[in-house]
S.K.: 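Please find one structure pasted underneath; my questions will follow.
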Amino acid sequence: MQSLHIMTDVEQGATLPAYELTACCHDAGGRLVVSEALFPEVRTLAHILAQGSSPCREDWLAARVVVFRLNHLALSLSELGMMDVLNQKLAWLSVFLQLELPQLRSFALQGALPGKFCQGGTPMLLRKQGSVVVQSLALREQLRPWLVALTHAWQAQF
């Protein structure tokens, strides 16, 4: 399993100054980092999950699990209670979209992630690209068939 760090620039972008978000990109070190802003499917699924309300933290996490095909999340101790809610949201979304979506079965405990990141495990084989944008676009290309299937699934419901 490979670790993927997702910069939560869509969820956090409305409340954080731009310099804080860009600092996350420059402080990536050797981590595999992508920007969720280049995956509009995350926002769409978070809003579908919110069912007319403003998306909550669990909506955003569930949307990331689906879009990035994560099978593992790194959570802080204070977030452990979210696992049941996340799996309920994933089960609901699976029925709504008529797609087979996995339940999260594993997680890692850790402290707050540097900057505004969500960390998860993915079975995909990714290699470090240049910038966060280049890395994100490479991952988009790798996920293209899945993202197309997701888009068709939600479009069929509306």
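Quick caveat: nothing in here was measured; it's all calculated off a predicted structure.
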S.K.: Do the charged groups of Arg64 and Glu41 touch, with an N to O distance under 4.0 Å?
M.R.: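 No.
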
S.K.: Excluding sequence neighbours, so at least two apart, what forms side chain to side chain donor-acceptor pair (under 3.5 Å) with Glu141?
M.R.: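 Side chain to side chain donor-acceptor pair (under 3.5 Å) list for Glu141, sorted by chain: Arg144.
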
S.K.: Are the side chains of Thr151 and Gln155 in contact, using a 4.5 Å heavy-atom criterion?
M.R.: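 Contact flag for Gln155/Thr151 side chains = yes.
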
S.K.: Check side chain to side chain donor-acceptor pair (under 3.5 Å) between Glu58 and all other residues, then give those that pass, not counting sequence neighbours.
M.R.: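 Partners of Glu58 by the side chain to side chain donor-acceptor pair (under 3.5 Å) criterion come out as none, since no residue qualifies.
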
S.K.: Could you go through Met82 and Leu61, starting from their C-alpha distance and side-chain angles, then the distance that decides it, and tell me whether this counts as side chain to side chain contact (heavy atoms under 4.5 Å, CB included)?
M.R.: CA-CA 9 Å; Met82 285 193 240; Leu61 287 172; 3.8 Å; yes

S.K.: Under the side chain to side chain contact (heavy atoms under 4.5 Å, CB included) criterion, do Trp60 and Leu49 qualify, and how do the steps go?
M.R.: CA-CA 9 Å; Trp60 288 105; Leu49 284 161; over 6 Å; no

S.K.: If two hydrophobic side chains count as joined below 4.5 Å and joins carry through other members, does Leu147 share a cluster with Trp154?
M.R.: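 Same cluster: Leu147 reaches Trp154 through Ile, Leu, Val, Met, Phe, Trp or Tyr contacts under 4.5 Å.
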
S.K.: Who are the side chain to side chain contact (heavy atoms under 4.5 Å, CB included) partners of Gln157, not counting sequence neighbours?
M.R.: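 In terms of side chain to side chain contact (heavy atoms under 4.5 Å, CB included), with neighbours along the sequence ignored, Gln157 is linked to Phe96, Gln98.
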
S.K.: Is there a path from Leu38 to Leu45 through hydrophobic residues (I, L, V, M, F, W, Y) whose side chains come within less than 4.5 Å of each other?
M.R.: yes

S.K.: With clusters defined by side-chain heavy atoms of hydrophobic residues (ILVMFWY) lying less than 4.5 Å apart, directly or transitively, does Val148 cluster with Phe158?
M.R.: no

S.K.: Can you tell me how far CG of Asp59 sits from CG of Leu86, rounded to the nearest 0.5 angstrom?
M.R.: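 Spacing of CG (Leu86) from CG (Asp59) equals 9.0 Å.
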
S.K.: Working to the nearest 0.5 angstrom, can you tell me the gap between Ser35 OG and Leu137 CG?
M.R.: 9.5 Å

S.K.: Please check if Val134 and Leu143 belong to a single hydrophobic cluster, counting links between Ile, Leu, Val, Met, Phe, Trp and Tyr side chain heavy atoms closer than 4.5 Å.
M.R.: no

S.K.: Apply side chain to side chain contact (heavy atoms under 4.5 Å, CB included) to Ser94 and list each qualifying residue two or more places apart in sequence or on a separate chain.
M.R.: Leu101

S.K.: Side-chain heavy atoms under 4.5 angstrom apart, residues restricted to Ile, Leu, Val, Met, Phe, Trp, Tyr: same cluster for Ile48 and Trp146?
M.R.: yes

S.K.: One pair to check against side chain to side chain contact (heavy atoms under 4.5 Å, CB included): Cys56 and Lys89. What are the steps and the verdict?
M.R.: CA-CA 11 Å; Cys56 64; Lys89 288 184 176 286; 4.3 Å; yes

S.K.: Mind running side chain to side chain contact (heavy atoms under 4.5 Å, CB included) on Ile6 and Phe39 for me, showing each step along the way?
M.R.: CA-CA 11 Å; Ile6 304 160; Phe39 293 84; over 6 Å; no

S.K.: How would you list, by chain and number, every residue that makes a side chain to side chain contact (heavy atoms under 4.5 Å, CB included) with Ala153, sequence neighbours excluded?
M.R.: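 Side chain to side chain contact (heavy atoms under 4.5 Å, CB included) list for Ala153, sorted by chain: Leu97, Leu99.
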
S.K.: What's the spacing between Thr8 OG1 and Glu36 CD if we round to 0.5 Å?
M.R.: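 Rounded to the nearest 0.5 Å, the OG1-CD separation comes to 5.5 Å.
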
S.K.: Using the test side chain to side chain donor-acceptor pair (under 3.5 Å), find all partners of Ser136 that sit at least two apart in sequence or belong to another chain.
M.R.: none

S.K.: Let me confirm one number: the CG-NE2 distance from Leu150 to His152, rounded to the nearest 0.5 Å.
M.R.: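 One gets 11.0 Å once the value is rounded to the nearest 0.5 Å.
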
